[in-house]
Structures are given as C-alpha cells and as structure tokens.
A.B. asks: 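Would you mind keeping the following structure in view while I ask a few things?
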Number of protein chains: 2
Amino acid sequence: MELPAELETFVVHFGEMGSRWGFNRTVGQMLAVIVFTEEPVNADQIANMLSISRGNVSMGLKELQSWQLIRVHHKPGDRKDYFKPAGSIWELALQVLSERRKREVDPTLSLLRSQLMNDHNDERHYANEKVREIHDLLELFNTWFDDIHRMNPESLKTLMKLGSGVGKVLDIKEKISRKK
Amino acid sequence: MELPAELETFVVHFGEMGSRWGFNRTVGQMLAVIVFTEEPVNADQIANMLSISRGNVSMGLKELQSWQLIRVHHKPGDRKDYFKPAGSIWELALQVLSERRKREVDPTLSLLRSQLMNDHNDERHYANEKVREIHDLLELFNTWFDDIHRMNPESLKTLMKLGSGVGKVLDIKEKISRKK
DNA sequence: GTGAATTTTCAGAAATTATTGAAAATTGTA
DNA sequence: TACAATTTTCAATAATTTCTGAAAATTCAC
C-alpha cells in the first residue's frame, strides 16, 4: 500500500508538529496515516507508506496506544493487527489533552503537594508563596478539567460556543455585587 | 550567587518538565530560578547557580523572552540586565498556554484552512471529512480560548470554580428543550 | 571617540533522542 | 506440539538537539 498523494501534506505536517504535541516526528506521521485513512491499516502498510522500519512502526504503535489514540482491529481470516483511531476527532483531541495533563501537570502538582506537606512550610519565604500559588492554580485547573472532561461532547460544544458569553454573565454578576 | 538549597528541588523538576512544557531542560531551570527568586537575577548569577555557560544563558533568556515569560529590570548604577517574571503566576500560566496555542494549533489550523480553500474539496473523500472536522474543532477551540484569555483573572477563576456547574445548567437546559 | 563592561553569536563538541534490522518472543492454526 | 506468521526487543548507529567558550557586536560612561 502506497501513501496516497492527497495524504502526503498532512503526513508531513503532522510529522513536523508531532514533537510539539508530545510525541516525535514518526509517531505524528503514523497518527496522520491512521486518522486520515478510512480503512484500518496494519504495521507493514504503515512502514511502507512512511518508508520506515518495521521495528520503528512497532514502537510508534505502542506509543500511540499508550496515549489511547488508536485501537487494534482484527479482520476475519487475517492474523495481522490492523489499527484505527480510538474515537472521533473530538474524542481524540480530548484524549490528547488528558494525556498531556497527566504528563505535564500531574508530576508537578504532586511535587508541590509534597512540598507543602513538609511542616517547614514557612510562609515568610518568597519561594513558599510561589509554591502555594502554583499549587493552587494547577489544582484548580485539574478539577476544572475533570469536570469538563466528564461532560458530553454536545454540551461541551455549546459551552465553548458560549465562550465569553458566560464570562459576561459573570462580569455583570460581579459588578452588581460590588455595588452592594 | 549560589543556588539556594531550598530551590534545588524545583530547579531540577522544572528542568525535567521543561521539554514537556515546550522548551528544554536548561530553559526550564532558568525559569525556575527566575520565578522562585524574589530579587531579579542577572545572567552571570544564573550561569553560576546552574553551572552552565554564559552563552547558554544568553540563548535561554532570549527563549524565555520570546515566550514573554520574563522581563528585563535595571538597577541604578549597574549596567547589567536583571530578569524577573513578566507577571503573576496566573499570568505566566496563561502566557504559556497562549504561546503554545500559537505554536501547536495555529500552524495546523492554517494548513487545514488552505486545504479547505482548494476547490477540489471533494466531500465524498473520507480524508476531506476529517480535514473539515479537525478544522472546525481547532477553530472552535481558538475562538473559545481568545474569549477566555480576554477575561479578567478573577472572573476566570470564578468560572473555573463553577466548572461542571455551568455544565449542569446547560444539561438541564438541553433536557428541557428536548422535551418540547 | 575611546575603551571597558556586557551581551550575543555561532562553529565545533557533547549529549540526547530516534531509527534500523536482525534476533528473540509471542501468537494462532493445524 | 510443531511451525509459520507476526510482533517486539534492543544493541549498534544515525540524526538531532543542546551546550560551550572564544570571538564579534553592542552599549554606555567618560
């Protein structure tokens, strides 16, 4: 199976962006192939389309599975593993955010938490103040994100479209309470 | 100036996380030093505290400035440049998100946009459907984020604390309109 | 304008990360 | 169980990224 010409642009781009999204060039390209190809693809097809080694494909697939972005699919009478996206584009995006939070926020939060546990948590120290501030911010972000993540996609879309609308409501509410 | 012992943990951690946050180990460590130190610090102090070369510090500072995370500060009678955070923790966090959107979302969005411009935008093709879906998702995310970013920190905090509260309101609203 | 203080640049070196491909392990079928 | 198909592993190598430090550029006080 050859890489279809109309996919080339996206494969190249997803490759370039890959490292910014948290994986590497090859893994990004593999994701592009899997997302933009209607039929599930197998490892040999991916290796051929991207001209990379079979071993590299194997590692990349493991990575994409650890991100829960792809799923195995079996075809009757074929022992090969075929891969397809683990959900809709919307679900994949949420999944990427979720994994990134796990990798980018959670470790820091747990360090800050343990730091605040230590009783020598001297509030006079500037650094301790900052630790507290970052901790509270990340904690707020995390609970907010959990909330959001639990919402069904349609409500979430509606909420996002509302955007500053919600903000305006809150601003008005605030102005009123300040006048009291 | 020596690296204060109580900062060591954070410097090491910010270093490890650096690459996940979009810069490299050294730049992460430099950010930690600047954020956790009350007094503005100069390039030589950073180089000494982190035991890295003066040239490396210069490049790192440029990077942090390109992210708009730090600002120059001048002391009277001292020609050296001193550096301090460009804002509160909250503002720095928003700034990181903002820069990352610029680097991680905008390039993809502009590719997808140009792809949809091309008239051979054949809706029968599976790949084109996906292009459209990703485009719409990123567009929605971008306008939402712009909205959010314009809000004042206090309203934003309130909104985040509300979290699923807003979601519940929307869910109820939806259930009602479905019954009609 | 001169020159010392300071910052920036960048070629080469070091460190890190990604890739290959052959061997080992696993899986499924007969 | 035997064996062929398939996947995974991992040591060696290749590619990329980061770092150093000396030289060049800039800045500013006199």
Side-chain angles (χ1 to χ4, degrees), chain A residues 1 3 11-12 14-34 40-67 70-84 103-104, chain B residues 1 3 11-12 14-34 40-67 70-84 103-104:
Chain A
M1 197 186 208
L3 183 66
V11 166
V12 170
F14 272 53
E16 278 167 2
M17 300 303 284
S19 51
R20 297 192 176 175
W21 296 342
F23 18 81
N24 67 34
R25 187 162 48 87
T26 307
V27 173
Q29 293 183 346
M30 290 175 54
L31 182 60
V33 165
I34 294 169
V41 289
N42 67 43
D44 287 321
Q45 293 174 319
I46 295 172
N48 287 334
M49 289 198 259
L50 302 178
S51 310
I52 59 179
S53 75
R54 188 59 187 65
N56 200 0
V57 172
S58 179
M59 291 188 298
L61 289 169
K62 246 182 72 182
E63 173 88 354
L64 287 171
Q65 281 176 301
S66 88
W67 281 74
I70 61 174
R71 256 193 229 313
V72 195
H73 173 90
H74 284 107
K75 298 199 171 186
D78 190 337
R79 282 173 60 177
K80 285 200 180 69
D81 290 341
Y82 286 78
F83 295 88
K84 61 180 186 183
R103 292 157 201 244
E104 297 171 12
Chain B
M1 197 188 210
L3 183 65
V11 167
V12 170
F14 273 53
E16 278 167 2
M17 300 303 286
S19 51
R20 296 190 176 175
W21 295 340
F23 19 81
N24 67 34
R25 187 162 50 88
T26 308
V27 173
Q29 292 183 348
M30 292 175 54
L31 182 60
V33 166
I34 294 169
V41 290
N42 66 42
D44 287 321
Q45 293 174 319
I46 295 172
N48 287 334
M49 289 198 259
L50 301 178
S51 311
I52 58 178
S53 75
R54 188 59 185 68
N56 200 0
V57 172
S58 179
M59 291 186 299
L61 289 169
K62 246 181 71 183
E63 172 89 353
L64 287 171
Q65 281 176 302
S66 88
W67 280 72
I70 63 174
R71 256 192 231 313
V72 195
H73 172 90
H74 283 108
K75 299 199 170 187
D78 190 338
R79 280 175 60 180
K80 286 202 180 69
D81 291 341
Y82 287 78
F83 296 89
K84 61 179 186 183
R103 292 156 202 242
E104 299 171 10

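Both backbone and side-chain heavy atoms feed into the values below; hydrogens, waters and symmetry mates do not. Each chain gets a letter, A, B and so on, in the order its sequence line appears, and its residues count up from 1.
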A.B. asks: Given axes from five pairs at either end, by how many degrees does the helix from dG1(C)-dC30(D) to dA30(C)-dT1(D) bend, rounded to 10°?
C.D. replies: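 Answer for the end axes of this duplex: 30°.
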A.B. asks: If I take atom CZ in residue R25(B) and atom C1' in nucleotide dT17(C), what distance separates them, rounded to the nearest angstrom?
C.D. replies: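 Spelled out: CZ on R25(B) to C1' on dT17(C) is 13 Å.
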A.B. asks: Could you go through residues 19-30 of chain B and list every donor-acceptor pair under 3.5 Å that involves a side-chain atom there, pairing it with any protein atom two or more places apart or in another chain?
C.D. replies:
{"residue": "R20(B)", "atom": "NH1", "partner": "R103(A)", "partner atom": "O", "Å": "2.9"}
{"residue": "W21(B)", "atom": "NE1", "partner": "E104(A)", "partner atom": "O", "Å": "3.0"}
{"residue": "N24(B)", "atom": "OD1", "partner": "T26(B)", "partner atom": "N", "Å": "3.1"}
{"residue": "N24(B)", "atom": "OD1", "partner": "V27(B)", "partner atom": "N", "Å": "3.0"}

A.B. asks: Report the residue (F83(A) or S19(A)) whose heavy-atom-nearest nucleotide on DNA chain D is the more 5′ of the two.
C.D. replies: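 Nearer the 5' end of the strand: F83(A).
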A.B. asks: Using chain A heavy atoms and a threshold of under 4.0 Å, write down where along DNA chain D the contacts begin and end, 5' to 3'.
C.D. replies: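 Extent of the interface on DNA chain D: dA4(D) to dC10(D).
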A.B. asks: Between atom CD1 of I70(A) and atom CG of L61(A), what is the distance when rounded to the nearest 0.5 Å?
C.D. replies: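 With rounding to 0.5 Å, CD1 (I70(A)) is 4.5 Å from CG (L61(A)).
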A.B. asks: Write down the protein N/O and nucleotide N/O pairs, taken from nucleotides 26-30 of chain C, whose separation is under 3.5 Å; answer none if there are no such pairs.
C.D. replies:
{"residue": "dT27(C)", "atom": "O2", "partner": "R79(A)", "partner atom": "NH2", "Å": "2.6"}

A.B. asks: Check whether any side-chain heavy atom of N56(A) sits under 4.5 Å from a side-chain heavy atom of L50(A), and report yes or no.
C.D. replies: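 With C-beta onward as the side chain, the pair stays apart.
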A.B. asks: Is there side-chain contact between I46(B) and I34(B), with at least one heavy-atom pair below 4.5 Å?
C.D. replies: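 Yes, their side chains come closer than 4.5 Å.
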A.B. asks: Going by side chain to side chain donor-acceptor pair (under 3.5 Å), name the residues that satisfy it together with H74(B), two or more places apart in sequence or in a different chain.
C.D. replies: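 Side chain to side chain donor-acceptor pair (under 3.5 Å) list for H74(B), sorted by chain: D81(B).
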A.B. asks: Please name all residues satisfying side chain to side chain contact (heavy atoms under 4.5 Å, CB included) with A47(B), sequence neighbours left out, ordered by chain then number.
C.D. replies: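 A47(B): side chain to side chain contact (heavy atoms under 4.5 Å, CB included) contacts with V57(B).
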A.B. asks: If the condition is ring-ring contact (aromatic ring centres under 6.0 Å, His included), which residues does Y82(B) pass it with, not counting sequence neighbours?
C.D. replies: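 ring-ring contact (aromatic ring centres under 6.0 Å, His included) check on Y82(B) returns nothing, list empty.
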A.B. asks: Restricting to salt bridge (Lys or Arg N to Asp or Glu O under 4.0 Å), what partner residues turn up for K80(A), sequence neighbours left out?
C.D. replies: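 With neighbours one apart ignored, the set is empty.
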A.B. asks: How about F83(B) and N42(B): do any of their side-chain heavy atoms sit closer than 4.5 Å?
C.D. replies: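 A side-chain contact is absent here, since even the closest heavy-atom pair is not under 4.5 Å.
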A.B. asks: Without decimals, in angstroms, what is the distance between L50(A) CG and dA18(C) C1'?
C.D. replies: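 After rounding, the reported distance stands at 15 Å.
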A.B. asks: Is the number of heavy atoms from other residues, nucleotides or ligands under 6.0 Å of K75(B) NZ greater than 12?
C.D. replies: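 Yes, because the 6.0 Å sphere around NZ of K75(B) holds more than 12 heavy atoms from other groups.
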A.B. asks: With sequence neighbours excluded, what pairs up with R54(A) under the side chain to side chain contact (heavy atoms under 4.5 Å, CB included) test?
C.D. replies: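 R54(A) satisfies side chain to side chain contact (heavy atoms under 4.5 Å, CB included) with A43(A), D44(A), S58(A) only.
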A.B. asks: Using the closest heavy atom to pick a nucleotide of DNA chain D for each, name whichever of D44(A) or S51(B) lands nearer the 5' end.
C.D. replies: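 Counting from the 5' end, the first nearest nucleotide belongs to D44(A).
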A.B. asks: Mind listing the residues from residues 52-63 of chain A sitting with a heavy atom below 4.0 Å of DNA chain D? Number order is fine.
C.D. replies: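 The stretch gives R54(A), G55(A), S58(A), M59(A), K62(A) as the residues lying under 4.0 Å from the strand, ordered by number.
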A.B. asks: Just to verify, what does M49(A) make a side chain to side chain contact (heavy atoms under 4.5 Å, CB included) with, not counting sequence neighbours?
C.D. replies: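 Partners of M49(A) under the side chain to side chain contact (heavy atoms under 4.5 Å, CB included) test: M1(A), L3(A), P4(A), V33(A), V41(A), Q45(A).
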